[in-house]
Protein chains: 2
Amino acid sequence: MDSLINDPFKVAFDSLEEFADVISEVLQCPVTIEDVNHRLLAYSTHDERTDPARISTIIGRRVPEKVINQLWKEGTIPELLRTQQPIRVKNIDEIGLGNRVAISIWKQDVVLGFIWALEIDKTLSEKEFILLKKAADAVKNKLLQLQTRKNNKEERFQEFFWKLLTGHMNIKEEIIEHFHSLQITPSPTFAILVFKFQGNITNQEEQQISYLLKTNQRLKIMLYTIDCDQLIVLVSAMNIENPIQELSHFVEAFRWKLKDRFGIQEITPVFSSIYEDYQKIRKAYNETLTVLSIKEKFPQETKHIYHYQKLGMFQLLHFLLEKRREEDYVNQSLHFLRVYDQKHNSNLVETLEAYLNNDNNINDTAKELNIHANTLNYRLKRIAEIGDINLKDPNQKMMLFLDLKIEKFQSR
Amino acid sequence: MDSLINDPFKVAFDSLEEFADVISEVLQCPVTIEDVNHRLLAYSTHDERTDPARISTIIGRRVPEKVINQLWKEGTIPELLRTQQPIRVKNIDEIGLGNRVAISIWKQDVVLGFIWALEIDKTLSEKEFILLKKAADAVKNKLLQLQTRKNNKEERFQEFFWKLLTGHMNIKEEIIEHFHSLQITPSPTFAILVFKFQGNITNQEEQQISYLLKTNQRLKIMLYTIDCDQLIVLVSAMNIENPIQELSHFVEAFRWKLKDRFGIQEITPVFSSIYEDYQKIRKAYNETLTVLSIKEKFPQETKHIYHYQKLGMFQLLHFLLEKRREEDYVNQSLHFLRVYDQKHNSNLVETLEAYLNNDNNINDTAKELNIHANTLNYRLKRIAEIGDINLKDPNQKMMLFLDLKIEKFQSR
DNA sequence: GAACCTTTTGTGAAAATCACCAAAAGGTTC
DNA sequence: GAACCTTTTGGTGATTTTCACAAAAGGTTC
């Protein structure tokens, strides 16, 4: 009996729900157990008192994203990930969060989940804090079991996803069936999303990415995997009015969170077009790879481009370069300008490119080149003469623009 | 002796030169014999009196182009090609042409050449006109022989040219050697020039073309041939400051002459880039064919384009279409605009295309579409919204322009 | 037909462009 | 170094373009 008082959790229990009730009884307050991604694993039922945040969590079987965001902002979650001690959280009315105490569940140096105890009418004492610590210790093996089972499932996910990405599964029915067997509902429309990291993704980063993806509630993520320095995600694009904008927001938010919460910087996010046909996953993936390779060659020009469709003519560069090569074409106008530049130490080509980049805007271009607007005008006139170019002809300008970019593409 | 007075030209003569002297002696004035293309065949030497036009003709071994042009303008040559009678030409001081009489040399209903008799101090009498007619009759067989010999040579030209055009002769030394064996000096730079006629080129038209090409002195024509409705010309681009401009002028002048002199209309002239390497004749020829096929599909847009290099992005269309096809790409922006157009009976796509065609010029576009400039502005705003397009981004605009043209290209 | 939305047109002020001119700076040629 | 050419910069004013706003017109929905 003494040992039970010292550690009331040294009992056998079948399910996590049962265990949540045990904790609840010992501490005399409602209890919730979450995994490390804030998915609800179990909650006590003996105590009816609760707060809106807990209700939402139970209803949605996960902690609402705004609550997670808030807990990150004011430091609770970072603290939980740092220490094994219980943490007290003051109520935050805006998100319906009452006073509560939380503790993280550790297995060696990895956090497996959290236990939350609501302080509805009472405040937990120092002694009860120690009990909570013991509870966290007692539950860790149970969580680990769940984890392992999930890992197996995870592996099956991985295999399936890679088959899709590489186009090794291209019978429609087979794909759908596989989705269902993995208990995923394939959304009617999807996109592939890739985040390219600075270097290979470490295990720790993997955890953090996984955490962010699992806690995100903005977009439904069907599958994801990690490949060297890339995080590849299959995301649903359904039920959204403007999917592209939504995806843009998502990647921005994701990048921001990685930086803000985990200090991971210099992420390059990209995403494919939106498709309905799951046989096109490979194509979508290739699109993202194209975007990445273009962004690598034209970091400045494509700074604000994440989306394949927004690449504009950049998506053609690779292709056009090949054509140019095979027919060893020379753009005469550019050639003349180059010769002139060489001979007179001028910058007509550079000027032309800046002008074209700036959508024919004299002022912007002059500013970018740090020259007087009239100087620019003069140069443009010379360019037209020397290169025999009609700068009012969109056709010619387009060709020049393309040829300039093709050459850059080639030389990089 | 009587017969000699009746027809003093019924004598055997070895060369045309000899015969020219005979005529000169009979008529007592300087005589020149030309072929139908105004190339000098022979001239009398017994009489020293002459005029500047004749001197130029003898020096250059052909009638100067400005003289020919003048003789066309005031009707002499058309008349010579019509009648077998001698024609009197009054002196034309601007081109150094003194008074003279001309007659055409006929073989059945084909003109083989001309005889010119200068009226330096005397005026030819009616009797001498009859003599001239007899001279023309006497010389025709000699000319025919030359013609035939030339035809054989012509055939060798043809064969050689076609080998070059089709890339069946691609050893540099061999090509040069062939040129020399045909007594052509290959110019260091060249271009291929093609005129496409309305229908297949008739024999008569062939004569007329040949005439125009041979009398042209602006550009040196190395080889030419006729293929169904195409006249294909290998032209020198040397010794000209601005060859492309020169070529443009030439084709314009050629077209104008065909129309003005022979009533041949609706000629489409095109020409290739300028090359130095004669192994590239085939490539140059293919360029012209590309220009022709594009001009057929986009007659309006390419109205003023004759030159491959001036095709701008049109030269890529064929190529891009293939790419688009193989990856069944859909431009989302255009798709949204099309859907909107369909649903609301609007013309956003058409508006966008006009705007892009007009180099982003609001006024010009509005005029073309017969709408108010503000209406256009409003539509553009809507286009940006609906198609999720940034109309300040040259990249996106370029892609839209290309995709629009690709679609047009495809549907034609 | 009222209420509502989209589209077109008109107006005027602000901004940008363009065609000039002129001065100055930099380079090349003889 | 003088003469010459090209390039840069500045300024001016006419012209065009852009933009915001308002009114009118046309359609759709209830």
Side-chain angles (χ1 to χ4, degrees), chain A residues 241-242 333-398 400-401, chain B residues 241-242 333-398 400-401:
Chain A
E241 188 195 352
N242 190 338
S333 298
L334 286 180
H335 174 69
F336 289 138
L337 291 178
R338 286 240 163 71
V339 168
Y340 191 92
D341 272 355
Q342 196 101 49
K343 204 168 162 190
H344 296 82
N345 240 332
S346 48
N347 335 298
L348 296 186
V349 175
E350 186 199 352
T351 305
L352 175 62
E353 185 171 5
Y355 178 68
L356 294 176
N357 279 339
N358 282 287
D359 195 35
N360 310 330
N361 186 309
I362 301 270
N363 267 330
D364 294 356
T365 312
K367 246 172 235 161
E368 185 180 303
L369 294 174
N370 290 317
I371 56 173
H372 195 278
N374 280 359
T375 305
L376 178 57
N377 264 320
Y378 173 75
R379 283 197 197 164
L380 289 175
K381 208 177 287 172
R382 295 290 288 144
I383 287 169
E385 285 168 20
I386 294 164
D388 190 21
I389 301 166
N390 175 8
L391 284 173
K392 301 257 166 192
D393 181 355
N395 229 336
Q396 287 184 46
K397 284 193 293 190
M398 213 162 290
L400 288 167
F401 188 85
Chain B
E241 189 195 353
N242 191 336
S333 299
L334 287 181
H335 174 70
F336 289 139
L337 291 178
R338 287 241 163 70
V339 169
Y340 191 91
D341 272 354
Q342 195 101 51
K343 204 168 161 188
H344 296 82
N345 240 333
S346 47
N347 335 298
L348 297 186
V349 175
E350 186 200 353
T351 305
L352 176 62
E353 186 171 5
Y355 178 68
L356 294 175
N357 279 340
N358 282 287
D359 195 35
N360 311 329
N361 186 309
I362 300 271
N363 265 328
D364 294 356
T365 313
K367 246 171 236 162
E368 185 179 305
L369 294 175
N370 291 317
I371 56 173
H372 195 278
N374 282 356
T375 304
L376 177 57
N377 263 320
Y378 172 76
R379 284 198 197 163
L380 289 175
K381 207 178 286 172
R382 296 289 289 144
I383 286 169
E385 285 167 20
I386 293 164
D388 191 19
I389 300 166
N390 175 9
L391 283 174
K392 301 254 164 192
D393 181 354
N395 230 336
Q396 287 183 48
K397 283 194 293 191
M398 211 162 291
L400 288 167
F401 188 86

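Chain naming here is simple, since letters A, B, ... match the order of the sequence lines and numbering starts at 1 in each. Excluded from the calculations below are hydrogen atoms, water molecules and symmetry mates; all remaining heavy atoms, backbone and side chain alike, are included.
Here the side chain of A:D393 pairs a donor or acceptor atom with the backbone of A:N395 at under 3.5 angstrom.
In this structure B:H372 satisfies the ring-ring contact (aromatic ring centres under 6.0 Å, His included) test with no other residue, sequence neighbours excluded. When the side chain to side chain donor-acceptor pair (under 3.5 Å) test is applied to A:D388, the partners found at least two apart in sequence or on another chain are B:K310. Under the ring-ring contact (aromatic ring centres under 6.0 Å, His included) criterion, A:H335 pairs with no residue at all, not counting sequence neighbours. The ring-ring contact (aromatic ring centres under 6.0 Å, His included) search around A:F336 returns none, not counting sequence neighbours.
Taking atom CD1 on A:I371 and atom P on D:dG10, their separation rounds to 11 Å, with Å as the unit. As a whole-Å value, the separation of A:L376 CG from D:dG10 P is 14 Å. The CG-C1' distance, from B:N377 to D:dA20, rounds to 11 Å in whole Å. For the pair B:R379 CZ and D:dC19 P, the interatomic distance rounds to 18 Å; values are reported in whole Å. Regarding A:Y378, its OH atom lies at a distance of 7 Å from the P atom of D:dT8, rounded to whole Å. Look at CG on B:N361: it is 12 Å from C1' on D:dT18, rounded to the nearest Å.
Reading DNA chain C from its 5' end, the first and the last nucleotide to sit under 4.0 Å from a heavy atom of chain A are C:dA16 to C:dC18.
In this structure, B:N374 and B:L348 both approach DNA chain C, and ranking their closest nucleotides by distance from the 5' end singles out B:L348.
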> Based on Watson-Crick and G-U pairs with both distances under 3.5 Å, what dot-bracket line describes DNA chain C 5' to 3', crossing pairs as [ ] and inter-strand pairs as |?
Replying inline: ||||||||||||||||||||||||||||||
